[in-house]
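Report on the following structure.
In this text the structure is predicted, and so the values were computed from the model without any measurement. Sequential numbering from 1 along the given sequence is applied to the chain's residues.
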Amino acid sequence: MSRPRAARLAAPVLVAALLAGGCGPARSGDLGPAPVAGPSSAPPVRSPSPEPVPSRQAAPSATGGPVRPSAPAGVRQPATVTVELWFVRSGRLVPTRRTRPATVATSRLALTELAAGPTPAEAAAGLTTLLSAGVEVTRITDGVAVLPSVASADDPAGRLREAQVVWTLTQFPTVRQVRFADGAPRGRADYPGVLPPIVVTAPGVGARVDAPLTVTGTADVFEATVSVRVLDAAGREVATGFGTASCGSGCRGTYRVVVGWRTAREQRGTVEVYEVSARDGSRINTVAVPVVLAPGP
């Protein structure tokens, strides 16, 4: 064989060798920390797990809770996680949220934050917690989270303390019920009457809000009508609006009301969500949320 022909035959062999082994192994992605959990309606995990496994679908919780989606496998995930906490005000449960560094131990994070109690702004708005530090989930099996008992038979606040735990943990897709060491599994439906007529899920206490502002939550009010007004630092009404919950007058539904305002400067303010009395037109079942109003357009 002539040397030119041999060289022509060797060239593709060399190229093939370079393609096969010269580029090195493929690099795998960094899985990173776990994101926030999705809705409690997701299918439960069928084997024991020490912590809830976050959902991959971005959907609100039953109360309009966290909606942060998870990233696909191999893609770097968010560095933070947002959990919903249920505190107590005037003997009823009210929600708030915390954003913290991401962790796969979401139930532990939620219970730790719940026991830590409200922020100064939330405490000033009347929020408190009944849960003591150190309460943790021991296991999760078939959608049931198992915990030590948090209430005794003669504890007048025990039912509300349990409800705090149940409502906080069942935001996660792998937790449908909670079983305390001394009882049967319990879900949110096992604690009727622990919610006020109007629950505000957004904005949160102390949040800085821009116009237009979307106010969300759940309500069980007359003719499902929810009203909103915004007050400035002097208590003057700068915005009003109303909306209709998805259910009302004997059933709880979700609502969404958008309001806007015009203010020349940033200032403290209040978002009030209330029901108009069918009897005399007064404001009843009012929920006041202290906020910081950004200047309006």
I'd like to know whether Ile140 forms a side-chain contact (heavy atoms from CB on, under 4.5 Å) with Phe172, so could you lay out the CA-CA distance, the side-chain angles of the two residues, the decisive distance to 0.1 Å, and finally the verdict.
CA-CA 11 Å; Ile140 300 172; Phe172 301 115; over 6 Å; no
Please report the C-alpha distance between Phe87 and Leu130 in whole Å, then the side-chain angles of each, then the deciding distance to 0.1 Å, and finally whether the side-chain contact (heavy atoms from CB on, under 4.5 Å) criterion is met.
CA-CA 8 Å; Phe87 287 131; Leu130 303 177; over 6 Å; no
Show, in sequence, the C-alpha distance, side-chain angles and deciding distance for Leu231 and Val271, and conclude whether the side-chain contact (heavy atoms from CB on, under 4.5 Å) test is met.
CA-CA 6 Å; Leu231 308 178; Val271 176; over 6 Å; no
Verdict with reasoning, Thr82 to Thr99, per side-chain hydrogen bond (donor to acceptor under 3.5 Å, both in side chains):
CA-CA 4 Å; Thr82 300; Thr99 299; 2.9 Å; yes
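The list of salt bridge (charged side-chain N to carboxylate O under 4.0 Å, His left out) pairs with a residue in residues 229-258, not counting sequence neighbours, reads Arg229-Glu237, Arg229-Glu272, Asp232-Arg236. Residue pairs meeting the disulfide bond (SG atoms under 2.5 Å apart) criterion with at least one member in residues 182-286, sequence neighbours excluded: Cys247-Cys251. Applying the side chain to side chain donor-acceptor pair (under 3.5 Å) definition to pairs two or more places apart or across chains, those involving residues 257-271 are Arg208-Glu266. Here salt bridge (charged side-chain N to carboxylate O under 4.0 Å, His left out) pairs that include residues 286-296, with residues two or more places apart or in two chains, number zero. Pairs of residues two or more places apart, or lying in two chains, that qualify as side chain to side chain donor-acceptor pair (under 3.5 Å) and include a residue from residues 283-297 are Glu275-Asn285.
Formation of a donor-acceptor pair under 3.5 Å by the Arg179 side chain with backbone atoms of Val146 is not found in this model. The closest donor-acceptor contact from the side chain of Thr225 to the backbone of Glu223 lies under 3.5 Å.
Scored by the salt bridge (Lys or Arg N to Asp or Glu O under 4.0 Å) test, Arg186 finds Glu162 as partners (sequence neighbours excluded). Judged as a side-chain contact (heavy atoms from CB on, under 4.5 Å), and not counting sequence neighbours, the contacts of Val194 are Leu93, Arg159, Leu160, Ala163, Trp167, Tyr191. Remark: Asp155 engages Arg161 in a salt bridge (Lys or Arg N to Asp or Glu O under 4.0 Å) (not counting sequence neighbours). Partners of Glu113 under the salt bridge (Lys or Arg N to Asp or Glu O under 4.0 Å) rule, at least two apart in sequence or in another chain, are Arg98, Arg100. Residues forming a side-chain hydrogen bond (donor to acceptor under 3.5 Å, both in side chains) with Ser249 (at least two apart in sequence, or on another chain): none. Remark: Ala121 pairs with Thr119, Val205 by the side-chain contact (heavy atoms from CB on, under 4.5 Å) rule, at least two apart or across chains.
One hydrophobic cluster, built from ILVMFWY side chains closer than 4.5 Å, cannot hold both Val199 and Val209; they sit in different ones. There is a path of hydrophobic side-chain contacts, each under 4.5 Å, that joins Val94 to Leu131. Residues Val289 and Val230 fall within the same hydrophobic cluster, defined by Ile, Leu, Val, Met, Phe, Trp and Tyr side chains chained together at heavy-atom separations under 4.5 Å. Val259 and Val287 fall within the same hydrophobic cluster, defined by Ile, Leu, Val, Met, Phe, Trp and Tyr side-chain heavy atoms under 4.5 Å apart, directly or through other members. If you chain together hydrophobic residues whose side chains sit under 4.5 Å apart, Leu195 and Val215 never meet in one group.
Smallest separation of non-hydrogen atoms from Gly253 and Ser246: CA-OG, 3.2 Å. Here the shortest heavy-atom pairing between Ala145 and Val137 reads CB-CG1, 4.2 Å. Closest approach of Pro192 to Ala189, counting heavy atoms only: CD-O, 3.7 Å. Of all the heavy atoms in Asp220 and Gly248, the pair that sits closest is OD1-C, 4.2 Å. Scanning all heavy atoms of the two residues, the minimum distance from Ala245 to Ala219 falls at CB-O, 4.4 Å. What you find for Gly158 and Ala151 is that their closest heavy atoms are CA-CB, 3.3 Å.
Here CG of Leu85 is found 8.5 Å from OG1 of Thr129. Values are rounded to the nearest 0.5 Å. Annotation: the span from Ser149 atom OG to Phe180 atom CZ amounts to 8.0 Å, rounded to 0.5 Å. Here Trp86 contributes atom CH2 and Arg188 contributes atom CZ; the two are 6.0 Å apart, rounded to the nearest 0.5 Å. Distance check, rounded to the nearest 0.5 Å: OG of Ser227 to CD1 of Ile198 gives 8.0 Å. Here CG of Leu109 is found 11.0 Å from OG1 of Thr168. Values are rounded to the nearest 0.5 Å. Atom CG of Leu127 and atom OG of Ser90 lie 9.5 Å apart (nearest 0.5 Å).
In this model, a donor atom of one side chain and an acceptor atom of the other lie less than 3.5 Å apart for Thr201 and Thr216.
Val228 is not listed as a side-chain neighbour of Thr240, based on a closest heavy-atom distance of 4.5 Å or more. The side-chain heavy atoms of Thr214 and Val257, taken from C-beta on, include no pair separated by under 4.5 Å. Contact annotation: the side chain of Thr170 never approaches that of Gln177 to less than 4.5 Å [non-hydrogen atoms, C-beta and beyond].
With Val178 as reference, Leu169 is the one residue of Asp190, Leu169, Val150 to meet the side chain to side chain contact (heavy atoms under 4.5 Å, CB included) rule.
Phe242 forms part of no hydrophobic cluster, judged by ILVMFWY side-chain heavy-atom separations under 4.5 Å.
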